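For this chain, numbers begin at 1 and follow the sequence in order. Start at 1 and go down the list; that is how both ligands and their atoms are numbered. The model shown is predicted, which means the values in this text are computed figures rather than measured ones.
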Amino acid sequence: MTASASGTLYVVATPIGNLDDLSPRAVRTLESVALVAAEDTRHSARLLQHLGLHIPLLSLHEHNEAGRVDQLFDRLAQGDDLALISDAGTPLICDPGFVLVRELRQRGARVVPIPGPCALIAALSAAGLPTDRFLFAGFLPAKEGARRTRIQALSEHEETLVFYESPHRIHASLASFDALLGERRLVLARELTKTFETFLEGTAAQLLGRMAEDPNQSRGEFVIMVAGAPAQISETTTLDAQALLSALLEEGVGVKQAAAVVARLMGGRKRDWYEQALALKGGN
Ligand code: SAM
């Protein structure tokens, strides 16, 4: 069998709330396939019903995905076109499908994306945080120790950090962010494309405060976005900035104030300049 003789697996993004977000191309694709592999067939049956489509559904979730590969490859080899959808948004993005797509590609099958809704992209597009580079880190671990270790490991990244979170763990995650990145600016996108869509902005402590005032703010689905770490002291500015730091100290400015002035004028973190100022003082 050659790849060109086989059918195509279409990876189709579906709405994350608002059904109008299903693209005309996604609808045409779903209409055209012989079988739809879906994370939760009962959930997806409602979407197909809404579209007036009567296409066979096959369950494909994290527990049976590897076992479905042969079956789906056989269908493609027979020339059938297939679709993969998840409960919401883009398949494979914190959803099943990676094993299937990897295996089918390895076997030379054609896999085609039908792009559309994705919670992290929708959230970033309206949050007002830098998006030229970002780091999507999926869900944080459920256990506090592992969660803190993960946040710590990401804390020095200068890119905007993006996480998915459920209503069960939103408080715990915000509490961990508060403990480890207390001053950092966060944007919380909730219930995107749905009736109660909300964007909240502030430190983790401020967001927890908003939730305490209004318990509705803890309901629904969340994307947590965290401003990246302030830029590290760059090599090109180090010399000038260090000269400024030394000059301030020589003029009798206190260590803390000198560090604050250098951070403000030259960039970098106050804490780092403070440590350098202490070292310079110690060396005198
Ligand atoms: N594949 C999906 C996508 O493309 O965004 C993500 C699936 S993941 C299992 C589910 C998580 O995505 C939720 O816990 C939440 O963090 C996020 N999410 C999904 N829909 C959302 C929405 N309407 N508003 C905010 N976050 C959402």
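When Phe136, Tyr164, Phe222, Phe139 are ranked by how near their heavy atoms come to atom 14 (O) of ligand 1, first place goes to Phe139.
The two atoms that bring Ala189 and Met225 nearest to each other are CB-CE, 3.9 Å, heavy atoms only.
For Thr193, the closest heavy-atom approach to ligand 1 does not fall below 4.0 Å. Put simply, no part of Gly17 is less than 4.0 Å from ligand 1, judged by heavy atoms.
Each of the following atoms of ligand 1 lies closer than 4.0 Å to a heavy atom of Val223: 26 (N). Set against the non-hydrogen atoms of Gly89, the atoms of ligand 1 under 4.0 Å away are 3 (C), 4 (O).
Ligand 1 has an N or O atom lying under 3.5 Å from an N or O atom of Ile16, backbone or side chain. Here's the thing with Glu165: one of its N/O atoms is less than 3.5 angstrom from an N/O atom of ligand 1. Looking at Asp95 next to ligand 1, an N or O pair under 3.5 Å apart turns up. Backbone and side-chain nitrogen or oxygen atoms of Ile93 are examined, and one is located within less than 3.5 angstrom of a nitrogen or oxygen of ligand 1. When only interatomic distances are considered, the shortest N/O to N/O separation between Leu192 and ligand 1 falls below 3.5 Å. In terms of N/O distances under 3.5 Å, ligand 1 is approached by Ala88.
No more than 12 heavy-atom neighbours from other residues, nucleotides or ligands sit within 6.0 angstrom of CZ on Arg210.
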Kindly determine whether Arg269 and Glu156 satisfy salt bridge (Lys or Arg N to Asp or Glu O under 4.0 Å), including the steps that lead there. CA-CA 11 Å; Arg269 289 180 306 192; Glu156 300 296 316; 2.9 Å; yes
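To the nearest 0.5 Å, atom CH2 of residue Trp273 and atom CG of residue Leu280 are 9.5 Å apart. Leu181 contributes atom CG, which lies 8.0 Å from atom CG of Leu161 (distance to the nearest 0.5 angstrom).
For atom 25 (C) of ligand 1, the closest heavy atom belonging to the protein is Glu221 O, 3.2 Å. Looking only at heavy atoms of the protein, atom 4 (O) of ligand 1 is closest to Thr90 N, 2.8 Å. With hydrogens left out, the protein atom closest to atom 8 (S) of ligand 1 is Cys94 O, 3.7 Å, a heavy atom. Protein heavy atom closest to atom 18 (N) of ligand 1, with residue, atom name and distance, is Ala119 CB, 3.5 Å.
In this view, Glu191 and Lys194 satisfy the side-chain hydrogen bond (donor to acceptor under 3.5 Å, both in side chains) rule, not counting sequence neighbours. Glu159 pairs by the side-chain hydrogen bond (donor to acceptor under 3.5 Å, both in side chains) definition with Arg133, His157, not counting sequence neighbours.
In this structure, Arg147 and Ser173 have side chains that are in contact, with non-hydrogen atoms separated by less than 4.5 Å.
Counting heavy atoms under 4.0 Å from ligand 1, residue Lys194 touches it through the side chain alone.
Taking the six-membered ring wherever Trp is involved, the centroid distance between the rings of Phe163 and Phe222 does not fall below 6.0 Å.
For the pairing with Arg75, the side chain to side chain donor-acceptor pair (under 3.5 Å) check across Asp81, Asp80, Asp70 returns one residue only, Asp80.
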